[in-house]
Amino acid sequence: MPVRQLSESIVNRIAAGEVVERPASVVKELVENALDAGAARIEVMTDGGGRRLVRVADDGAGMSRADLALAVERHATSKLSTDDLLDIRTLGFRGEALPSIGAVAHLSIATRHAGEPHAWGVAVDGGKKSELKPAALSAGTRVEVRDLFYATPARLKFLKSDRTEAEAIRDVVRRLAMSRPDVAFTIAGEERATATWAAALPGAPGRLARLADILGPEFRANAVELRGERNGVVVEGFAALPTLTRANALGQYLFVNGRPVRDKLLIGVVRGAYADYLPRDRHPLVALFVTLEPHEVDVNVHPAKAEVRFRDPTLVRALLMGALKEALAREGRRAATTGGGATIAAFRPAVTPARGWDWRRSPARPDPRGFAMPARGSAAPGFAEAAQAAFDVGAPSADARVAVSEPAPEFLDRPLGAARAQVHETYIVAQTRDGLVIVDQHAAHERIVYERLKAALDKSGVARQILLIPEIVELDETDVERLVARAGELLRYGLALEPFGPGAVAVRETPSLLGEIDAQAMVRNLAEHLVEWDEALPLERRLLHVAATMACYGSVRAGRRLKPDEMNALLREMESVPNSGQCNHGRPTYVELKLTDIERLFGRR
């Protein structure tokens, strides 16, 4: 078959296939154009998941008549002052978006430049451009895209439901709104309620306000600010405390020079930074903003500009990792607000009767005043079901005992206060000047032991204690092989073991700071964890897994009764140990309730 030149219409449709993958791609290109035009307000309207209509209006600089005529031509752009493709300082630069969209849809543009007496409009239908005509528009630019892919019907078969496509559009707008908190965004469509994000103040407070608008108020309450700079690369942003997580990594966002990108680098960095706090199946929420010279990053490696390539990825990775670790260590003693909020919500009244109720009234007979009577023996209205369950402790048992102690005055002003009681032999209740603190004694001591293990390893190694009689642990032969193969790594943390026949290991030494532990259970647990270890996993990460497991088995267990001095000693250690706000599994070690919140429960406020 001879070589032939493709027609212009076919070339445009091929370009459209690279740039316009789905309606969300159209919205992304048009909103980026609006941001590059200096818009302070952007409105996005869709219909049919963007299939029938996409309208993007902004109050930016607009285009002159001559610029509009060129804007719908291929490879025409106002965003490159030179031919240097490495000096990209705008979001869009290829000059393919508008003609590509016009090749597969009905495209109409109305725009007005400050230097023009009125607005101008142009239409492109299936690649055919109309004459420029005067249009009605006070300022900025309005772009409408109707009947997407009508010129290429085969592409319609690959689109999903209207609701799914609309959600993809919202995700695109959310990411762009997160990158530019100084711009007001409105997105409307028949699939979902209209969302409006007002322009925020400049700087970190405004950025956090915009992130809270999009990620929710829980993110604002649990966010930790981070910043790092090295060799002209600046990293800023916010990361959530380890107690606020999700089951997937969709809550992790990366922005490079204001451009939302998806990069596998981010997932690996975040996982490494949170390795001390979270299990592998939980993922934190983070929003990281990287700023560097345009020549240090290539944004031209993906047709939709969704990926970038750094000139020095090692530097960026190290900077991100360092900033995250420093921020988490700095705020490691903070208590998660999610725990306290959930506690207050559990007591929030479900029904608030106007008057009292009569317990003697039969539940079968309605109250003549119109109130529904609770059944005999049920909890009073005004407590949620979760709160009822909390008070339904059943018959008295040893587990329900409360050890009460007088508060030590010198401890009331400390962050975690003075221990007052131990409830269910598991939770320590402490009093502060303006509230109370509930501590999970096992989770708190687990973190303390873990940090001691790490400190001992860094300083002089973990001291070991020789067992008078070696502990024999029977295991599967495969598990024995794994443990023996890792015996050197385990020895670094004070656990000395050796094979004892084909299906057992002998534990001869254990870490001395753990005291008396259940070696059988700990070794079995370690054997289970070794199955998940990847050979490519760094040695440090593998050792941290060992330390976390040992800390769990060497901690104060739930059900152990503590004396007042022991409870206060645990609280003081929590105040001095890094990262004591969360245990090794990402759960909060304590929950703080302010006195004002407690007073609201009883109608005092």
Side-chain angles (χ1 to χ4, degrees), residues 16 18-47 49-51 53-63 71-72 77-79 88-102 105 107-111 137 139-146 148 165-189 191-192 194-200 207 210-211 213-214 253-262 287 289 299 302-308:
E18 296 177 347
V19 177
V20 186
E21 182 182 356
R22 59 194 306 188
S25 307
V26 175
V27 173
K28 175 181 178 295
E29 297 290 346
L30 298 182
V31 173
E32 286 181 350
N33 284 344
L35 291 173
D36 285 339
R41 187 183 69 257
I42 299 175
E43 298 175 358
V44 179
M45 172 69 185
T46 64
D47 184 26
R51 197 184 333 240
L53 170 67
V54 170
R55 180 189 299 129
V56 176
D58 66 74
D59 62 350
M63 292 180 283
V72 291
T77 181
S78 63
K79 302 171 184 180
I88 307 298
R89 301 179 184 273
T90 57
L91 297 177
F93 59 90
R94 290 174 177 268
E96 290 183 346
L98 294 179
S100 297
I101 295 169
L107 171 69
S108 63
I109 306 173
T111 182
L137 190 67
T141 302
R142 182 182 65 242
V143 182
E144 287 190 3
V145 180
R146 296 182 180 273
L148 185 63
E165 296 297 340
E167 189 56 37
I169 290 173
R170 283 180 173 262
D171 182 62
V172 165
V173 177
R174 278 195 293 262
R175 289 176 179 271
L176 290 167
M178 291 165 67
S179 70
R180 292 293 302 272
D182 58 317
V183 178
F185 284 82
T186 298
I187 178 168
E191 295 82 8
R192 294 282 296 272
T194 300
T196 299
W197 301 304
R207 176 174 286 166
R210 173 59 59 84
L211 292 175
D213 289 342
I214 296 173
Y253 301 90
L254 178 65
F255 304 87
V256 178
N257 288 347
R259 184 189 308 278
V261 298
R262 302 178 187 272
F289 300 81
V299 299
H302 191 275
K305 305 184 292 293
E307 299 175 5
V308 297

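With contacts defined as side-chain heavy-atom distances shorter than 4.5 Å, the pair Leu148/Val54 does not qualify. Between Leu91 and Asn33, every side-chain heavy-atom pair lies at or beyond the 4.5 Å cut-off. Here the side chains of Trp197 and Arg174 are in contact, with some heavy-atom distance below 4.5 Å. Between Glu21 and Lys28, the closest side-chain pair of non-hydrogen atoms is not below 4.5 Å. Ile109 has its side chain within reach of Val72: a pair of non-hydrogen atoms, C-beta onward, lies under 4.5 Å apart. Annotation: side chain of Ile101 is in contact with side chain of Leu30 (closest heavy-atom distance under 4.5 Å).
With values rounded to the nearest 0.5 angstrom, Phe185 atom CZ is found 8.5 Å from Ile214 atom CD1. Atoms CD1 and CZ, from Ile42 and Arg180 in turn, are 8.0 Å apart once rounded to the nearest 0.5 Å. In this structure, Tyr253 OH and Leu211 CG are separated by 9.5 Å, a value rounded to the nearest 0.5 Å. Here the straight-line distance linking atom CG of Leu107 with atom CD of Glu144 works out to 9.5 Å at 0.5 Å rounding. One finds the CD1 atom of Ile187 at 9.0 Å from the OG1 atom of Thr194 (value rounded to the nearest 0.5 Å).
Within the 3.5 Å criterion, the main-chain N or O of Arg41 finds a donor-acceptor partner in the side chain of Asp59.
Contact record, Gly189 with Met45: N-SD, 4.4 Å, taken as the closest heavy-atom pair. In plain terms, the two heavy atoms of Thr90 and Arg259 that are nearest each other are O-NH2, 2.8 Å. For the pair Ala199 and Ala184, the tightest heavy-atom approach, listed with the atom from each and the gap, is N-CB, 3.8 Å. Closest approach of Phe289 and Ser179 over heavy atoms only: CE2-CA, 4.1 Å. Residue Ile169 comes nearest to Gly49 through the heavy atom pair CD1-O, 3.6 Å, listed as atom of the first residue, atom of the second, then distance. Of all heavy-atom pairs spanning Met63 and Ala71, the tightest one is SD-CB, 3.8 Å.
Look at Arg22 and Asp171 and you find no salt bridge, because none of the NZ, NE, NH1 or NH2 atoms lies under 4.0 Å from a carboxylate O. A salt bridge links Glu167 to Arg192: one of the charged nitrogens lies within less than 4.0 Å of a carboxylate oxygen.
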- Query: Please walk me through it: do Leu176 and Leu35 pass side-chain contact (heavy atoms from CB on, under 4.5 Å)?
  - Reply: CA-CA 9 Å; Leu176 290 167; Leu35 291 173; 4.3 Å; yes
